[in-house]
Number of protein chains: 2
Amino acid sequence: MDAKDIYKRHAAFCQLMSNPKRLEIIFLIGKEAMCVEEIAKKMDVRVANVSQHLALMREKNVVSTTREGTKIYYKLTSPKLLEACTLIREIMLDQAKEELAALLDADSCQ
Amino acid sequence: MDAKDIYKRHAAFCQLMSNPKRLEIIFLIGKEAMCVEEIAKKMDVRVANVSQHLALMREKNVVSTTREGTKIYYKLTSPKLLEACTLIREIMLDQAKEELAALLDADSCQ
DNA sequence: AATCTATTTGCATATTTTCGAATATATGAA
DNA sequence: TTCATATATTCGAAAATATGCAAATAGATT
């Protein structure tokens with residue numbers, strides 16, 4: 001294994017999380033499995049598009065499926081993935097909050 | 001703020017982490033500030049290229065700089081960012097370990 | 001001015017994202 | 001069984017983004 005392989009692997013995983021729609025999907029199916037149409041409806045995005053994003057995540061073992069009749073339910077393969085996404089989301093929320101506070105501060109100095 | 005803005009922001013941050021060179025930079029300057037040339041040398045990558053990656057991270061407030069003479073030192077703006085990267089890295093290492101174990105297991109069954 | 005360090009520009013290439021249309025797969029009705 | 005329907009995936013093409021290089025430029029120091 002090349003010394004830089006771990007960075008490549010890490011990057012490949014982050015690449016999956018680097019799309020707003022995929023993130024929305026991750027948080028949607030993080031708690032309970034959901035079928036493609038349901039995901040598409042909640043997100044207001046075309047089924048084909050959701051399916052394409054799910055295919056990418058399936059390839060990389062980030063989501064797994066179970067079939068029930070004509071429907072295919074997707075869920076995250078590991079709770080750790082949700083944990084990681086949640087941690088980053090919190091950093092983002094904190095950051096947004098700080099920015100807002102900075103704005104308000106600047107405002108009060110006028 | 002659009003309800004999906006948080007996903008966009010989250011995705012933009014992950015996008016920064018979705019490149020092996022940028023990740024290597026993040027871990028290099030996570031502990032102590034380092035100048036561009038030094039980073040380039042450690043990574044065995046052209047200075048111009050490192051500078052380009054740093055510019056992206058500067059724009060998004062992921063790194064900050066201090067000048068010392070002709071040198072410009074870069075460091076992460078927040079320890080939380082390193083924390084997040086470290087968490088994901090650990091997930092990646094665990095995963096790699098599991099894959100290796102699975103391979104060895106399969107081997108012993110022959 | 002000459003040098004060291006870093007950034008930017010202009011370009012070529014590669015990758016990602018999305019779409020509409022076509023295709024596949026399972027179910028239930030006739 | 002065969003057909004129609006519901007659900008999901010794949011294909012081919014267009015547009016948008018990302019990446020990396022060499023060369024040019026900028027800024028600080030001696």
Side-chain angles (χ1 to χ4, degrees), chain A residues 4-5 7-26 28-29 32-76, chain B residues 2 4-5 7-26 28-29 32-77:
Chain A
K4 302 210 171 178
D5 275 2
Y7 294 117
K8 284 190 202 156
R9 185 188 274 256
H10 189 156
F13 175 66
C14 289
Q15 210 270 320
L16 285 180
M17 299 192 299
S18 74
N19 177 286
K21 291 187 184 172
R22 281 196 295 273
L23 282 174
E24 194 170 356
I25 292 174
I26 287 174
L28 275 175
I29 67 177
E32 49 168 355
M34 214 175 269
C35 69
V36 181
E37 208 186 15
E38 202 176 352
I39 298 169
K41 194 172 172 190
K42 291 223 181 204
M43 292 176 58
D44 191 25
V45 164
R46 280 163 220 290
V47 167
N49 193 357
V50 168
S51 179
Q52 283 160 339
H53 285 299
L54 286 168
L56 288 178
M57 297 199 277
R58 220 184 323 132
E59 260 172 40
K60 299 285 170 58
N61 244 316
V62 164
V63 300
S64 62
T65 60
T66 39
R67 175 149 224 154
E68 280 185 29
T70 57
K71 296 187 180 178
I72 296 177
Y73 285 84
Y74 279 84
K75 66 176 171 55
L76 285 190
Chain B
D2 182 315
K4 301 210 172 181
D5 274 2
Y7 295 117
K8 283 190 202 157
R9 190 182 193 119
H10 190 155
F13 174 64
C14 289
Q15 210 271 318
L16 285 180
M17 299 193 299
S18 75
N19 176 287
K21 290 185 186 172
R22 282 196 295 271
L23 283 174
E24 194 171 356
I25 292 173
I26 288 173
L28 275 176
I29 68 177
E32 48 168 357
M34 215 175 269
C35 70
V36 182
E37 209 186 16
E38 202 176 352
I39 297 169
K41 194 172 171 189
K42 290 223 185 206
M43 291 175 61
D44 192 25
V45 164
R46 280 164 221 289
V47 167
N49 192 357
V50 168
S51 180
Q52 284 161 339
H53 285 299
L54 286 168
L56 289 177
M57 297 200 275
R58 222 184 322 133
E59 261 172 39
K60 299 285 170 57
N61 244 317
V62 165
V63 300
S64 61
T65 59
T66 40
R67 174 149 225 157
E68 281 185 30
T70 56
K71 296 188 179 175
I72 296 178
Y73 286 84
Y74 279 83
K75 65 176 171 53
L76 284 191
T77 50

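Reckoned from all heavy atoms, side chains included, excluding hydrogens, waters and symmetry mates. Just so you know, these numbers come straight off a predicted model, no measurement behind them. Sequence lines set the chain letters: A, B, ... in the order given, protein chains first and strands last, and positions in each chain run from 1.
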May I have the list of side-chain donor-acceptor pairs in residues 34-56 of chain B shorter than 3.5 Å, sequence neighbours left out?
residue: B/Asn49; atom: OD1; partner: B/His53; partner atom: NE2; Å: 3.3
residue: B/His53; atom: ND1; partner: B/Arg22; partner atom: NH1; Å: 3.1

Query raised in the report: Got a second to check how far A/Ser64's OG is from A/Leu76's CG, nearest 0.5 Å?
Result: 8.5 Å
What pairs of donor and acceptor atoms, side-chain ones from residues 7-16 of chain A against any protein atom, are under 3.5 angstrom apart with sequence neighbours left out?
residue: A/Arg9; atom: NH1; partner: B/Glu99; partner atom: OE2; Å: 3.3
residue: A/Arg9; atom: NH2; partner: B/Glu99; partner atom: OE1; Å: 2.9

Heteroatom pairs (N/O) under 3.5 angstrom, protein to nucleotides 2-9 of chain C:
residue: C/dT5; atom: OP2; partner: B/Glu37; partner atom: OE2; Å: 3.4
residue: C/dT5; atom: O3'; partner: B/Thr70; partner atom: O; Å: 3.4
residue: C/dA6; atom: OP1; partner: B/Val36; partner atom: N; Å: 3.3
residue: C/dA6; atom: OP1; partner: B/Ile72; partner atom: N; Å: 3.2
residue: C/dA6; atom: OP2; partner: B/Glu37; partner atom: N; Å: 2.8
residue: C/dT7; atom: OP1; partner: B/Tyr74; partner atom: OH; Å: 2.4
residue: C/dT7; atom: OP2; partner: B/Ser51; partner atom: OG; Å: 2.8
residue: C/dT7; atom: O5'; partner: B/Ser51; partner atom: OG; Å: 3.3
residue: C/dT9; atom: O4; partner: B/Gln52; partner atom: NE2; Å: 3.1

Report task. Within residues 7-16 of chain A, find the residues that approach DNA chain C with a heavy atom at under 4.0 Å, and present them sorted by residue number. Result -> A/Gln15
Query raised in the report: Looking at OG1 of B/Thr70 and CD of B/Glu68, how far apart are the two atoms once the value is rounded to the nearest 0.5 Å?
Result: 10.0 Å
**Report entry** From A/Thr66 atom OG1 to A/Lys71 atom NZ, the distance as rounded to the nearest 0.5 Å
**Finding:** 12.5 Å
Query raised in the report: Residues in side chain to side chain contact (heavy atoms under 4.5 Å, CB included) with A/Ala33, at least two apart?
Result: A/Tyr73, A/Lys75
**Report entry** Start and end of the DNA chain D segment that chain B contacts, any atom under 4.0 Å from a heavy atom
**Finding:** D/dA18 to D/dT29
Requested in this report: For the residue pair B/Ile26 and B/Met57, establish whether any side-chain heavy-atom pair is separated by less than 4.5 Å.
Outcome: yes
Requested in this report: Please name all residues satisfying side chain to side chain contact (heavy atoms under 4.5 Å, CB included) with A/Thr65, sequence neighbours left out, ordered by chain then number.
Outcome: A/Arg58, A/Ile72, A/Tyr74
Requested in this report: Select from A/Gly69 and A/Lys21 the residue whose nearest nucleotide in DNA chain C is closer to the 5' end of that strand.
Outcome: A/Lys21
